[in-house]
Structure formats: structure tokens, C-alpha cells
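The figures here come from the full heavy-atom set of this structure, side chains too, leaving out hydrogens, waters and symmetry mates. Each residue takes its place number in the sequence, starting with 1.
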Amino acid sequence: MPQRDVSAADHNHLLFNYARTNNIVQALKHFLGIRRLGLHVNGASVAYVLKICGSLCDQILGNQIHCDCIKYGLIEDVTVGTSLISMYTKTEGVWMAEKVFDEMPDRNVVSWTAMIGSYMQNRCPEKAANLFRQMCREGVWPNDFTYSTVLTAHRTISPFQIHAQVIKKNYESATSDGNALLDAYMKIGNRHDAIRVFETVDEKDIVSWLAILAGYAQFGDVDGAVGVFRRLVNNGVRPNECLFSCILSACAGPTAAIAQGKQFHVGAIKEGYNDDLSVSNALVTMYAKQGNIESANKVFQRQSERDLVSWNSMISGYAQCGDVDGAVGVFRRLANDGVRPDEYTFSSIVNACAGPTAAIEQGKQFHVVLIKGGYNNNLCVSNALVTMYAKQGNIESANKVFQRQPERDLVSWNSMISGYAQSSDVDGAVGVFRQLVNNGVRPNEYLFSCILNVCAGPTAAIEQGKQFHVGAIKEGYNDDLSVCNALVTMYAKKGNIESANKVFQRQPEQDLVSWSSMISGYANCGDVDGAVRVFRRLVNNGVRPNEYTFSCILDACASPTAGVEQGKQFHVGAIKEGYNDDLCVSSALVNMYAKRGNIESANKVFQRQPERNLVSWISMISGYAQNGYGKKALEIFEELRKENLEMNDITFIVVITACTHAGLVDEGERYFDMMVNNLNIDPTPQHYSCMVDLYSRAGLLEKAMALIDGMPFPACPTIWRSLLAACRVHKNVELGKLAGDKLMSLQPQDSAAYVLLSNLYATAGDWQELAKVRKLMVVRNIKKVVGFSWIEIKNKTYSFVAGDTSHPSSGLIYTKLKELGLRLRDAGYLPDTSYVLHDVEDEQKEDTLSWHSERLAIAFGLIATAGGVSLQIVKNLRVCGDCHTVIKLISKIEEREIVVRDSKRFHHFKDGACSCGEYW
């Protein structure tokens with residue numbers, strides 16, 4: 001509590017110290033105590049307290065201080081008047097700010113600029129422009145802040161009009177005014193005209209160079225910033241600490257190479273600025289943002305002095321690297337050293353707690369600290385809290401913080417929409433966006449990008465995305481790069497590749513995200529040719545593909561319709577570009593080779609990975625499972641368990657699938673139990689589907705049915721389809737009929753249910769029931785999917801259907817089949833006519849079997865390639881049991897390795913055996 005026997009000057013000095021240390025709580029307490037004692041407060045102290053009132057939106061105290069200013073004659077102080085304008089702008093509105101401005105007996109450039117800023121903040125650009133013109137008429141010359149403020153009103157007053165004011169006074173080449181205009185252009189993002197102004201300044205000083213350098217850094221143009229720095233050195237200008245700080249900040253950008261930053265670090269040491277606080281802070285930030293937290297920490301530890309920026313940079317650096325313990329450790333050291341954290345410190349530590357390795361309890365503990373310190377209502381901090389809770393999957397707590405925010409900016413709305421997006425809650429995200437619009441907030445390009453990304457999710461309807469597309473057009477963001485990229489991604493993920501391509505073609509500019517999104521879109525649609533075509537256009541346009549672009553094209557090459565050699569060609573391209581060891585590229589390579597049946601190459605890439613993520617492990621496990629090596633897949637999984645990686649639900653879908661293909665029932669049950677009871681992962685319909693498939697293939701149909709009856713949700717079509725297929729193999733007509741009826745009720749237009757049920761009746765010899773099913777197919781206009789197989793020879797693909805005679809070499813193909821037939825008989829082959837689903841004579845059934853599409857493709861491969869060359873066949877349906885037997889024998893008598901990829905898995909036939917071990 002302030003004492004009466006202390007002089008007013010001392011009280012004012014104490015207030016000044018509170019202001020200098022940004023201790024707003026103590027400053028307010030002290031000011032209110034002085035006010036109660038009736039002591040005199042000077043204009044500087046009043047101006048500082050008014051600034052606090054504005055930041056806290058405390059209108060009542062602001063009004064009281066305004067009355068005191070009138071009472072004690074402080075209203076004539078130009079600093080106090082300007083502070084009143086700023087305070088009212090943030091509390092009551094522009095009308096009170098306007099009143100104060102009109103009643104001010106004396107105004108300076110700061111007063112005029114504050115009032116222009118007030119108009120701009122309250123969306124009155126015309127008034128701002130008119131006031132600027134009045135200011136110029138009254139002979140008050142604008143400063144750089146005035147220029148940058150009024151230039152944001154570019155729809156009402158052209159930047160060139162302001163520029164004309166400078167030229168009119170013949171000050172364009174004058175250093176101070178040229179610098180002000182240059183800075184103003186940079187602040188509104190007009191780099192082209194900023195450069196023009198810079199070149200017209202006759203005598204460039206340090207401020208000139210700093211303004212243009214900061215502009216390049218602001219735009220993320222590292223090469224431009226480096227070029228300016230070298231130019232100033234070549235012009236004989238000795239760079240000072242501000243210039244070094246600026247260039248180091250530019251080198252912290254995502255497009256900068258760390259080697260560039262290291263060169264300027266050396267330059268700063270040579271010039272003697274290594275111990276300068278601003279330079280060392282810039283170095284800490286640069287190394288941290290480049291992911292070199294070790295070098296950042298070295299600079300931090302060697303700092304001769306530190307300010308709050310130093311501590312904040314280090315905490316932020318650890319947060320960006322995902323090192324929660326490191327960030328918390330620095331925060332505790334800060335507290336132990338008696339340094340008072342600010343809102344940026346707290347927002348950085350909260351951001352660290354949003355990382356994937358953080359425990360939610362850590363974040364909650366810091367939330368409590370924030371509440372105690374009075375920072376929980378700070379905009380920057382509360383936004384970080386929303387993000388943290390959303391990233392931790394606690395959308396309820398994120399929403400509570402969001403709803404309690406006393407004020408919100410676009411970051412607040414964006415964080416909440418992103419949170420709902422991360423939780424796959426499309427309705428929640430859309431609801432927040434509508435609330436934003438209803439509150440009169442104009443969404444920017446980032447918000448449109450965010451909501452469009454939400455609409456790209458699997459649970460969103462494409463109509464929602466189209467509505468936001470219309471909204472983006474109305475708001476004038478149709479040509480914005482980030483919005484266009486989000487639209488391409490949204491349409492591509494929803495399978496509307498035509499609309500995605502339209503947006504892509506109309507983009508005024510395209511970056512690597514645009515190209516990669518388009519390639520990924522074609523890949524998702526299974527259009528390999530489209531993806532390759534876009535990739536080639538990218539290269540022809542002189543764009544250098546990055547690691548994500550390569551991973552997208554490699555994903556496309558994993559499709560069964562891709563050429564055998566296409567993936568290998570892009571692998572070579574990735575090696576040439578130096579991305580071979582990149583995590584996302586190597587993971588895509590593992591996935592591509594595994595899905596192409598080349599499990600040896602997949603394993604080679606996997607073993608050479610310098611680091612692995614969960615995608616790498618899952619791809620390898622899935623690859624072994626799909627290629628018939630179930631036990632090897634489980635070995636890889638046991639290796640994964642030893643790694644410090646958090647397994648997710650997809651991991652167990654892949655592992656149980658591996659058990660299913662290998663008939664490992666006990667292991668499958670054990671892993672399902674591990675997932676539920678040990679790792680607390682809630683089983684999804686996909687997990688239950690895998691378990692039903694596991695039991696069904698093993699002939700444990702009663703156990704499969706018991707699991708279906710005990711599920712916490714209704715069985716999905718995949719579950720009934722697995723059970724029905726198994727009933728056909730194990731000839732359980734009664735249970736198969738139940739499964740078929742359930743499947744047809746869920747998907748009445750899917751031909752699979754009718755075909756599987758027909759197969760069941762045909763196997764049981766119940767031709768009457770089979771006829772009923774076929775009649776039902778006619779009534780419902782259900783068309784059976786035509787089975788076809790294809791083979792690639794010399795980069796050309798040849799496809800066949802059963803009994804096909806369209807191929808130019810048809811005669812040679814059937815001659816080869818006849819020859820094989822004789823050799824197969826000699827090897828002991830007897831046709832299994834149970835796979836012919838027609839009530840015809842056995843001889844006709846045998847002919848039908850010999851004309852299956854996969855046999856035609858193999859026969860063509862045998863006559864079109866040299867002896868010993870392995871063949872790779874792809875079939876769109878499951879290989880029948882008789883063809884499986886035949887291909888095993890062909891691999892032996894022809895001494896060929898034959899790989900067949902059907903709709904379920906890969907079969908590697910060699911020396912009369914198959915990798916599936918007769919279990920598929």
C-alpha cells in the first residue's frame with residue numbers, strides 16, 4: 001500500500017519501474033492506492049495505466065481516469081490524450097476515441113496515427129483515409145507507423161496516393177521518409193513497391209538496409225535476404241547487431257539451410273557481436289527452429305546475460321523439437337532464477353505440452369499455474385490452451401477454454417476448428433465456423449483452408465465442402481494459394497478428381513503442396529497414369545520435387561494397376577535427389593515394394609532405414625502378411641514392441657490380419673487381448689471384423705458367431721461377408737444363409753453377397769436355391785463383377801477374361817494351355833470341378849476351369865518371355881482353389897517363379913509350393 005510520506009515523484013518513479021518490467025498487476029494496485037490517497041500522478045504514469053486499461057478492456061477504470069485527467073488538467077497533455085484514444089478504441093469504441101481526439105488542444109503525429117488506427121480497428125477505412133488526408137493538409141508529416149497504418153486501408157486509399165504525398169514534397173529520395181515508406185510497404189506485404197522505394201533512396205543508412213532485409217525475412221525469402229546482406233557488405237557498410245539479428249531470423253525460416261545460418265554465426269563472431277543479447281537470442285531461435293537444439297542450447301548456456309526472450313526462445317525450441325522434458329526443465333530454471341514469465345513463456349510451455357510425447361497432466365498443471373498468475377484470460381495463452389487440449393484429444397476442455405475467452409482473434413477460431421477436425425468431429429468444426437460468421441467475424445484464408453481440410457475427412461459430405469468453396473469465392477479467397485491447395489485436397493480425397501483438377505488448373509500460382517496434393521489425389525483414386533502425368537509436368541515446369549512429392553508418387557506406384565518398373569524408376573529419382581534416407585520416402589518405398597509383391601526389396605529398404613516411424617513398421621508387417629509370410633510378420637511385430645513407439649489401432653488390425661492369413665488363432669486372440677487390456681485401445685468394427693475372419697477361416701464358425709453376438713455395435717457388411725465366404729469353404733449352408741441375408745439387407749446392391757451365396761449353394765449342390773438367388777439378382781438388376789487378370793510385359797499391360805479370344809496371340813495361348821494340360825495330367829493333376837458353379841457335365845466343367853483368366857495370362861507370359869523369367873499376374877477377384885493347385889504345378893514344371901496378386905493377398909508360387917501354405 002502506498003504511503004503518504006513518500007513523495008509523488010517517488011510514486012511515479014515506482015510506477016515507471018513497474019511499467020519497465022511489465023508488472024501490470026503491481027502497477028494497477030499501486031496506481032489505485034495513489035489515487036485513494038489523492039496524490040499527484042504525472043502524465044507518463046497516467047498514460048501507462050491507460051494502456052493497461054486498454055489491454056485488460058477495463059472500461060470502468062478507464063472512464064474514472066479520464067475524469068481525473070479532466071479534473072487535474074492532464075487532458076491537455078498530448079501523451080495522455082493519445083493514450084485515451086488507444087484505450088477507448090479497445091473498450092467503448094471509436095465514438096469516444098473520436099470525441100477525445102476532437103477535444104485535444106494539441107496533437108502530434110502520434111495522436112493522428114492513433115486515431116487513424118482506431119478507425120482501422122473498428123472497420124472504418126474511409127474515415128481513416130479522410131483523416132490521413134486532413135493530417136497532410138494541416139502540415140503534420142506522417143511517420144512510418146502512420147504510413148503502415150493507413151496503407152492497410154488500401155481499398156479506400158491507394159498506397160500510391162500516399163507515395164504521391166512523399167513524391168509531392170520531394171522527399172522520396174530523402175533517407176528518413178524513404179525509409180518510412182519502405183517500411184510501410186513491407187508491413188502491408190507489397191514487396192515489389194518496397195524494393196522500388198529502396199532503390200530510389202539516395203543515401204541508404206542502416207535503417208534502409210534493415211527495413212529491406214526485414215522485408216525479405218518477413219516473406220520467407222532467404223535467398224533474397226542473403227543477397228541484400230551481401231550487397232550491403234560489398235557496399236562497404238559494416239553490419240551492426242540489428243542487421244545480424246535480422247539475417248539470423250531469416251535463416252530460421254523453413255526454407256533456409258542450416259549452413260547459411262552457421263556462416264552468419266561466424267560473421268557475427270568476427271564482428272564482435274557474439275555476446276550481444278539480440279544476436280545470441282536470434283542464434284538460439286535459429287538453431288532451435290532448424291531442429292538443432294544442441295547448438296541452440298550451447299549458445300544459450302554461453303550467453304553472458306539473458307532476458308525473457310532468451311528463456312522463451314529456448315522453451316519454444318524444445319517445444320518445436322517435441323522435447324517436453326527439456327522445455328519443462330528450462331521453465332523450472334527460469335523460475336528458480338527469479339525471472340518472471342510472461343504470456344509468451346506460458347504459451348510456449350503450453351505448446352510443448354501439446355506435443356505427442358506430453359502427458360495431459362503436465363498441461364493441466366501449467367493451466368493451474370496460469371490461473372493463479374492471472375494469465376488464463378490472456379489471448380495468446382488461452383489460444384495455446386485450446387490447441388493443447390485439442391491436440392491431446394480433450395475437445396471438451398478445449399471448448400470450455402474457448403467459450404470462456406473474454407476476447408477471441410482468428411487464431412482462437414482456427415484452433416477450435418482444428419481441434420474438432422483432429423477429433424474427426426465434422427459437425428463440431430462446421431458449428432464453430434458458423435458461430436464465427438454469426439458473430440460478425442470475417443473468416444480469413446487460413447480459416448477457409450482449415451474448414452476445407454475438415455471437409456476432406458472420411459465422415460464429411462462433399463456438399464459441405466462445396467458450400468465452403470462458394471463461401472471462399474464470395475470472400476475473394478478463390479485464388480489464394482492455401483485455399484486452392486485445400487480445395488484440391490478436399491475434392492481429391494472425396495474422389496471427385498475432376499473438380500480437384502479444375503481448381504488445380506485455375507490456380508494463378510502453384511507450389512509443391514499443389515502438385516503433391518494433385519498427385520496424391522490421383523493415387524487415392526487409383527489413377528496411376530494421372531499421378532505420373534502430373535509428376536512429369538511438375539518436373540518439366542522446372543519444379544524440384546521434395547520428399548513429400550516422392551512419397552505421393554510412390555504411393556501411387558503401390559497400386560495393382562501400376563507398371564512393374566514404375567516404382568523402381570521413382571526410387572532411382574529419389575536417390576538422385578538425395579531423399580533415399582528420408583523417413584517419409586523410405587516408408588513409402590517399403591509400402592510400395594510390399595504391395596507390389598517384392599517383399600525382398602521392401603525388407604532391404606526397411607533394414608537400411610536410419611530411423612523408422614510407425615508407418616515403416618506397419619508397412620513391413622502388412623507386407624509380410626499380404627505376401628503369405630505370417631510368422632515373419634509377427635517376428636517384425638515383436639521387434640516393434642521393443643522399440644519406444646506408441647502403437648495405435650491400425651497396428652493391431654495389421655497384426656491380427658497376419659494371424660488370419662497364417663491360421664494363427666491363438667496368437668490372434670493373444671494380440672487382441674493385449675490391445676484391449678494392456679494398451680487400453682478400444683476395439684473398432686475393423687478389429688472385430690479381423691477376429692471374425694480369423695475364426696471363420698479356421699473353421700471356428702460358432703466362435704465367430706458368438707463374437708458377432710457379443711459385439712457392442714451391429715455387425716458391419718465386412719463381418720458378414722467374411723462369415724459367408726467361410727461358410728462356403730466349410731459347407732455350412734444354414735449359417736451361410738443367415739450371413740447372406742444379413743449382408744443383402746445391409747448392401748442390397750452389392751453383388752458380392754449374391755455371388756458368395758450362389759457359390760455356397762453350388763458347392764452344396766443345391767441348384768434350386770442357387771436359381772432363386774440368380775433370379776433375385778435379375779429382379780434387382782445386380783450385375784456380377786467380371787473377373788479379369790492382367791500381366792505386364794515390356795512395359796505394356798495385357799488383360800484377359802475367362803475364355804478370352806480377343807488377344808492377337810490367342811491361338812498360341814490356347815495351344816500352350818493344351819500343352820500344359822497334358823503335362824499337368826502327367827504330374828498327377830485332377831481338376832476340382834466343385835469350383836464350377838453351373839449344373840453341367842464334368843467335361844464341360846473341366847474346360848471352364850482351364851479357361852480362367854489367370855491361366856490365360858500365365859500362358860501368355862510363358863510364351864512371351866524367356867525361360868526362367870518370373871511372371872507377375874494381377875487378378876481383380878480371389879483365385880479359385882483349382883487354379884491355385886494348377887499354378888503351383890506350373891511353377892514346378894516350367895521352373896518359373898509366378899507371383900499372383902488377387903483381391904485378398906499375394907501368392908508366391910515356386911517349385912510347386914505357395915507362400916500361403918495352403919491357407920488363404
Side-chain angles (χ1 to χ4, degrees), residues 19 43-70 73-166 168-169 171 176-177 180-181 183-188 407 409 440 442:
S45 297
V46 169
Y48 171 61
V49 176
L50 284 169
K51 181 183 176 183
I52 295 174
C53 293
S55 65
L56 298 177
C57 296
D58 192 336
Q59 177 186 333
I60 295 170
L61 180 59
N63 285 336
Q64 291 172 355
I65 296 171
H66 190 176
C67 292
D68 288 350
C69 290
I70 295 169
L74 289 173
I75 197 71
E76 295 183 5
D77 187 318
V78 69
T79 307
V80 172
T82 304
S83 298
L84 281 166
I85 292 169
S86 299
M87 185 271 294
Y88 280 125
T89 299
K90 294 174 181 176
T91 55
E92 277 195 55
V94 71
W95 69 276
M96 271 302 295
E98 205 171 38
K99 191 171 185 295
V100 171
F101 181 77
D102 290 341
E103 291 175 357
M104 284 177 72
D106 187 28
R107 303 174 192 140
N108 61 12
V109 65
V110 180
S111 316
W112 286 91
T113 304
M115 194 62 230
I116 291 169
S118 179
Y119 282 134
M120 289 306 302
Q121 287 180 49
N122 286 276
R123 299 187 178 185
C124 304
E126 291 184 6
K127 286 188 173 183
N130 289 334
L131 190 64
F132 174 77
R133 294 185 184 105
Q134 182 186 341
M135 172 186 177
C136 293
R137 284 195 300 271
E138 291 188 17
V140 181
W141 196 247
N143 62 15
D144 53 343
F145 296 107
T146 319
Y147 287 133
S148 59
T149 302
V150 78
L151 276 169
T152 57
H154 58 83
R155 291 182 180 176
T156 305
I157 183 168
S158 165
F160 300 106
Q161 288 180 271
I162 301 163
H163 197 158
Q165 293 282 344
V166 181
K168 185 178 178 182
K169 297 291 183 181
Y171 288 143
S176 59
D177 292 282
L181 192 57
D183 185 61
Y185 271 127
M186 279 299 190
K187 282 180 179 175
I188 64 161
E407 62 172 322
D409 61 5
R442 181 174 178 255

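- Thr79 and Asp77 make their closest contact through N-OD1, 2.8 Å (heavy atoms, listed as atom of the first residue, atom of the second, distance).
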- Task: Start with the C-alpha distance between Met135 and Val109, add both sets of side-chain angles, then the distance that settles side-chain contact (heavy atoms from CB on, under 4.5 Å), and finish with yes or no.
- Result: CA-CA 8 Å; Met135 172 186 177; Val109 65; 3.5 Å; yes

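- To the nearest 0.5 Å, atom CD1 of residue Ile116 and atom CG of residue Asn130 are 10.5 Å apart.
- If you check the side chains of Tyr119 and Glu98, you find a donor sitting under 3.5 Å from an acceptor.
- For Asp409, the side-chain hydrogen bond (donor to acceptor under 3.5 Å, both in side chains) criterion is met by Asn383, Ser412, not counting sequence neighbours.
- In this structure, Met115 and Leu131 have side chains that are in contact, with non-hydrogen atoms separated by less than 4.5 Å.
- Within the 4.5 Å cutoff, side-chain heavy atoms of Trp112 are placed close to those of Phe101.
- Pairing each heavy atom of Gly81 with each of Val100, the nearest pair is O-CG1, 3.7 Å.
- Under the side-chain hydrogen bond (donor to acceptor under 3.5 Å, both in side chains) criterion, Ser86 pairs with no residue, sequence neighbours left out.
- With a 4.5 Å cut-off on side-chain heavy atoms, Lys99 and Tyr88 do not count as touching.
- A donor-acceptor contact shorter than 3.5 Å is absent between the side chain of Ser118 and the backbone of Ala114.
- Here the closest heavy-atom approach between residue Ile85 and residue Ala97 is recorded as O-CB, 3.7 Å.
- Here the closest heavy-atom approach between residue Val80 and residue Cys69 is recorded as CG1-SG, 3.6 Å.
- The shortest distance between side-chain heavy atoms of Met104 and Thr82 falls below 4.5 Å.
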